[in-house]
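Here the structure is laid out as structure tokens; the discussion comes afterwards.
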Amino acid sequence: MQIKKLVFLILFLLTPGAYLAAQQACPVVPLPVQAVKGKGAFRFGEDTRIVCRDGRTMPVAHYLQQELFRRHRLTVAMKPAQAAQSISLVYDGKWKGPVGAYGLEIRADRVTITARDNEGLFNGVVSLVQLVRQEGLSFEAASWSLKDQPLYQWRGLMLDESRHFFGKEKVKQILDWMAFYKLNRFHWHLTDQPGWRLEIKQYPRLAMVGGIGNSSNENAAAAYYTQEDIREIVAYAAERFIVIIPEIDMPGHATAANRAYPEFSGGGSAKFPHFTFNPGKEDTYQYISRILKETDVLFPSQMVHIGGDEVHFGNEQWRSDTGVQRLMKQAGMKDLVAVERYFVERVADSLLRIQNKVLAWDEVADFALKPDSTIVFWWRHNKPEQLQKLIDKSLPVVLCPRLPFYFDYMQDSTQVHGPNWRKFGLNSTAAVYRFTREALPVKFRDAEQVLGIQANVWTEWIASPQRLDYMLFPRLAAVSEAAWTPAAQRNYDGFKTRLAAHFPLYRADGLYYFDLLNPAQTGEPKE
């Protein structure tokens, strides 16, 4: 019997039309690499059990328990041995594929999820949860056989909370949806000009004074995350196999920090006052080193993003600062870019001493940073030469070009608020979905050098949770499929069909999403 089934499956997969039709019909987002539809469905009942033969699977099993209860009020117990109507989590060291690969077999009498690592088991659980949630109150999952693996290891989302603060519960909701779509990197932009959002015990004024204000109201009450909040959110993300990467922006975008501790300010310009840290003052480096050490304690990712972008906006006063001028003379620096380079490289050394990787925006492409301890984010879509420099220097990169991955940009012609990049084209769901590395005007030396892709949500124009939802959903689903599914297997029309089944889930979770199938259905929040 097993041989007949195997022969049938091989013939099925060798028939392109049949395989593509079945695959495109699979309702899971992101679209699995291989999907074969079976007959019937697995129905959850009082006797359903989660089988964990290996204690290592317990965290994933517990997540499945929680989701089934939270979403459906289903109480499913665990047991160590196979039984009827059971969901088995199985380690298989021979399972092929990258980290996160999995197999999911759903039959009427049992469900089996197989992987060689917990992240793979978790991804299999997420696919099962998606299938159950789309069935509504029937408490069942249609029969599917999936063999799946991610295209990229870095599948990310960045949220800027300096410009507008959204709070712990909103961040947790976003993490839930990231997990639902198998996104696994949360880049958290916690400091910038409007506000400093991270408690630092050694420098309490950073949060209490630097946390005052936002992009809408410079006098808004201080808003920030306590270290207890951070620990709670980091643990919540880890349960969902999401790594959190904090961003402490420097040497520019330091205005909020300089409000709190002006003695470390490097000044700025008429348009951007107190924009930089002071690179010519030795105490500045001790100050930053202490901040980074506390940040390292809070975030186990062993990665800190230090920004390094747009320093020229506000480094004008470096020309007259005695400390900076003395540094330039002593080190033989010819211009302010050399000062910036000195600052970034010195801070990078501080991070390396505490075993943290250095992450930064693509302005650092010309600096002396080590490929084995650096990740650079290419964001300037109009500067492919920066990406080429990174490639030529063998630096690992994350692709997050403004077009199409800046989610503060307009997504539809009906929108009237937000940054206007209409002359280049809208950052539509379709544009996000169709993104491919191969279409970029650069020559990649090694495909593995591209760690993945990331969407960035800057919040100058996003002040309310409703607008944040509107700009995130459903583009979050599109970036997940662009990061997971090979381009040759993607089909935008099929994606829209599958996505429509997720809109009721958005509504059930209280999300104010953009309905791309009927744009007039949801009005655009102004802020």
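By the ring-ring contact (aromatic ring centres under 6.0 Å, His included) test, Tyr506 pairs with Trp177, Phe473, Phe503, Tyr513, sequence neighbours left out. Arg185 pairs by the side chain to side chain contact (heavy atoms under 4.5 Å, CB included) definition with Trp154, Val243, Ile245, not counting sequence neighbours. Under the salt bridge (Lys or Arg N to Asp or Glu O under 4.0 Å) criterion, Asp349 pairs with no residue at all, not counting sequence neighbours.
Every pair passing salt bridge (charged side-chain N to carboxylate O under 4.0 Å, His left out) that includes a residue from residues 118-127 is listed here, sequence neighbours excluded: Glu119-Arg155. Each salt bridge (charged side-chain N to carboxylate O under 4.0 Å, His left out) pair with one or both residues in residues 353-362, not counting sequence neighbours, appears once here: Asp362-Arg380. Note on residues 233-242: pairs passing salt bridge (charged side-chain N to carboxylate O under 4.0 Å, His left out), not counting sequence neighbours, are Asp176-Arg240.
Salt-bridge check for Glu481 with Arg498: passed, with a basic side-chain N closer than 4.0 Å to an acidic carboxylate O. Classification of Lys172 and Glu232 as a salt-bridged pair holds, one side-chain N sitting under 4.0 Å from a carboxylate O. Here Arg197 does not pair with Asp160 in a salt bridge; the nearest charged N to carboxylate O distance is not below 4.0 Å. With salt bridges taken as basic N to acidic carboxylate O contacts below 4.0 Å, none links Lys370 and Asp372.
The only option from Arg163, Met471, His164 that meets the side chain to side chain contact (heavy atoms under 4.5 Å, CB included) definition with Ile462 turns out to be Met471. Trp188 pairs in a ring-ring contact (aromatic ring centres under 6.0 Å, His included) with only one of the listed residues (Phe165, Tyr225, Phe166), which is Tyr225.
A donor and an acceptor atom, one from each side chain of Glu105 and Ser145, are located under 3.5 Å apart. No side-chain donor from either of Asp249 and Thr191 sits under 3.5 Å from a side-chain acceptor of the other. Side-chain N/O atoms of Ser127 and Tyr102 include a donor and acceptor closer than 3.5 Å.
Here the side chains of Lys170 and Asp469 are in contact, with some heavy-atom distance below 4.5 Å. Side-chain contact between Asn123 and Phe241 is absent, with no heavy-atom pair separated by less than 4.5 Å. By the 4.5 Å heavy-atom criterion applied to side chains, Leu31 and Arg490 are not counted as neighbours. Counting heavy atoms from C-beta on, the side chains of Asp412 and Leu516 never come closer than 4.5 Å. Contact of the Leu399 side chain with the Leu387 side chain is registered, since non-hydrogen atoms from C-beta on lie closer than 4.5 Å. For the pair Trp379/Tyr406, a side-chain contact is recorded, criterion being any heavy-atom separation below 4.5 Å from C-beta on. A heavy-atom distance below 4.5 Å is found between the side chains of Pro27 and Trp144.
For the atom pair CZ (Phe139) and CZ (Arg133), the distance works out to 12.5 Å, reported to the nearest 0.5 Å. Note that CH2 of Trp95 is 10.5 Å distant from CG of Leu121, once rounded to the nearest 0.5 Å.
A pairwise comparison of heavy atoms in Leu395 and Pro371 identifies CD2-CA, 3.7 Å as the closest pair. In this structure, Val132 and Phe44 approach most closely via the heavy-atom pair CG2-CE1, 3.4 Å. Closest non-hydrogen pair, Ala207 versus Glu199, comes out as CB-CA, 4.1 Å. Shortest non-hydrogen contact noted between Ile242 and Ala179 is CD1-N, 3.9 Å. When all heavy atoms of Val442 and Pro384 are compared, the closest pair comes out as CG1-O, 3.6 Å. In terms of heavy-atom proximity, Gln489 sits nearest to Val33 at NE2-O, 2.9 Å.
In this structure, Phe180 has its ring center under 6.0 Å from that of His502.
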- Task: With ring-ring contact (aromatic ring centres under 6.0 Å, His included) as the test, would you mind laying out the steps for Phe377 and His305 before giving the verdict?
- Result: CA-CA 10 Å; Phe377 292 66; His305 199 297; 4.9 Å; yes
- Query: Can His187 and Trp361 be said to form a ring-ring contact (aromatic ring centres under 6.0 Å, His included), step by step?
  - Reply: CA-CA 12 Å; His187 173 177; Trp361 302 110; 5.5 Å; yes
- Task: Decide yes or no on salt bridge (charged side-chain N to carboxylate O under 4.0 Å, His left out) for Arg402 and Asp408, but give the supporting numbers first.
- Result: CA-CA 10 Å; Arg402 283 177 294 196; Asp408 53 323; over 6 Å; no
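With a 6.0 Å radius and a threshold of 12 heavy atoms from other residues, nucleotides or ligands, Lys293 has its NZ atom at or below the threshold. Sparse packing is recorded around CD of Glu46, with 12 or fewer heavy atoms of other residues, nucleotides or ligands lying under 6.0 Å away.
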